[in-house]
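What's counted below: heavy atoms across the whole structure, side chains too, no hydrogens, waters or symmetry copies.
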Amino acid sequence: MFTDWLPFVLQTSDPLFPTGAYAHSLGLEEFARLSEAAGGAAGENALRDFLHRQILPALALQELPYLRFAHAAAHAEELRALADIDREIHAWKIPAEARSASLRLGARRLDILLKTAPTPLLSAIAESGMPGHHITISGAQYAAVPLEAALMTYLYQTLSGYCVAALKLIRIGQEGCQRLLTGCLGAASQIVRDSLAIERPCAGCFNPLLEIAAMRHETAYERLFIS
């Protein structure tokens, strides 16, 4: 039934679920610094442009398709296929900070899930020694959740994570973040539909600005976030 999986999705996507995501800006911190250095105000309009030009395309073309691949492998309980997907994710996380953040979030999510909602598949993942990126673990945790719900949840988590980081980095308030979320979520259904059309050989997104920002963050003189 509908209500069988909904409480689990709400719990594991809530900020109270302790994955440590609050400690990561995932490139936004250095992006804000670059915007200011270029003479632009790193405010609501800049964040709107960042989300629509950088994050939503990456979700549609790469992250959500890989979540779908992981979800399918997890639903079929194919651990080897899931490990192959995880290795591919590891390979396209080019900046070291992006890889490290993804692994930290994945490891923390897996650890909490094993304590609160363990499954044989999650236990097998923990014992397999695979790196365990956040997308992979998310796909595994939602193995019994309808695919579209899993994709939409991951999309919302990603967008809200950037908005939470933005509150500490740029001139924007909670109302501004809600305006941005409303605009992005208006495109969410189309983003999810677009992601469903991406086959594995074609999944990928050329996103140099975000990767450069992540690389610059590694050697930043001062910073608020781990990545």
Side-chain angles (χ1 to χ4, degrees), residues 12-59 62-64 66-67 89-113 131-138 153-181 183-185 205 207-227:
T12 56
S13 61
D14 189 89
L16 282 175
F17 199 71
T19 62
Y22 67 90
H24 301 272
S25 78
L26 301 176
L28 182 59
E29 182 169 3
E30 197 61 30
F31 172 80
R33 197 189 308 271
L34 288 169
S35 295
E36 292 178 347
E44 184 175 336
N45 289 335
L47 182 57
R48 179 182 293 106
D49 185 71
F50 173 77
L51 293 176
H52 282 273
R53 291 179 179 269
Q54 303 294 325
I55 304 308
L56 290 179
L59 283 166
Q62 189 164 24
E63 295 200 22
L64 293 184
Y66 267 91
L67 179 63
I89 295 170
H90 193 80
W92 57 253
K93 292 281 186 183
I94 297 174
E97 275 199 357
R99 288 196 306 274
S100 175
S102 178
L103 290 169
R104 289 186 186 191
L105 294 174
R108 185 60 178 157
R109 181 170 290 276
L110 178 60
D111 180 62
I112 299 301
L113 287 169
H133 282 275
H134 191 238
I135 294 175
T136 310
I137 304 304
S138 296
T153 300
Y154 188 89
L155 181 147
Y156 178 79
Q157 282 181 315
T158 300
L159 294 174
S160 64
Y162 280 110
C163 287
V164 169
L167 290 170
K168 301 177 184 178
L169 292 170
I170 66 176
R171 292 185 177 182
I172 189 171
Q174 292 180 335
E175 290 185 8
C177 285
Q178 290 302 316
R179 284 193 294 270
L180 292 183
L181 277 175
C184 289
L185 292 176
C205 182
N207 201 356
L209 178 60
L210 194 57
E211 292 180 346
I212 290 170
M215 291 174 183
R216 284 172 57 95
H217 193 266
E218 293 179 44
T219 56
Y221 179 73
E222 59 184 11
R223 58 191 190 177
L224 292 174
F225 293 88
I226 296 173
S227 70

Legend entry - Stepwise side chain to side chain contact (heavy atoms under 4.5 Å, CB included) check, Asp49 with Gln54: CA-CA 8 Å; Asp49 185 71; Gln54 303 294 325; over 6 Å; no
Inset, instruction - Given side chain to side chain contact (heavy atoms under 4.5 Å, CB included), test Leu51 with Leu181 step by step and report yes or no. - result: CA-CA 9 Å; Leu51 293 176; Leu181 277 175; over 6 Å; no
Inset, instruction - Could you tell me whether the side chain of Thr19 reaches within less than 4.5 Å of the side chain of Ile112, counting heavy atoms only? - result: no
Legend entry - Heavy-atom donor-acceptor pair, Glu29 side chain to Leu224 backbone, under 3.5 Å: yes
Inset, instruction - Return yes if a side-chain donor-acceptor contact under 3.5 Å exists between His133 and Ser102, otherwise no. - result: yes
Legend entry - Polar side-chain atom of Arg109 near backbone of Thr12 as donor-acceptor pair, under 3.5 Å: yes
Inset, instruction - For Ser160 and Tyr156, indicate whether the former's side chain and the latter's backbone hold a donor-acceptor pair under 3.5 Å. - result: yes
Exercise answer: donor-acceptor pairs, residues 91-98 side-chain atoms, under 3.5 Å, sequence neighbours excluded:
| from | atom 1 | to | atom 2 | distance (Å) |
| --- | --- | --- | --- | --- |
| Glu97 | OE1 | His217 | ND1 | 2.9 |
| Glu97 | OE2 | His217 | ND1 | 3.2 |
| Glu97 | OE2 | Arg223 | NH1 | 2.6 |

Inset, instruction - Can you establish whether the number of heavy atoms outside Phe17 located under 6.0 Å from its atom CZ is more than 12? - result: yes
Inset, instruction - List the steps, then state whether side chain to side chain contact (heavy atoms under 4.5 Å, CB included) holds for Phe50 with Tyr162. - result: CA-CA 10 Å; Phe50 173 77; Tyr162 280 110; 3.8 Å; yes
Inset, instruction - Start with the C-alpha gap between Leu28 and Leu47, add the side-chain angles, then the distance that decides, and say whether side chain to side chain contact (heavy atoms under 4.5 Å, CB included) holds. - result: CA-CA 9 Å; Leu28 182 59; Leu47 182 57; 4.0 Å; yes
Inset, instruction - Verify, without hydrogens or angle tests, whether Tyr154 (side chain) and Glu63 (backbone) share a donor-acceptor contact under 3.5 angstrom. - result: no
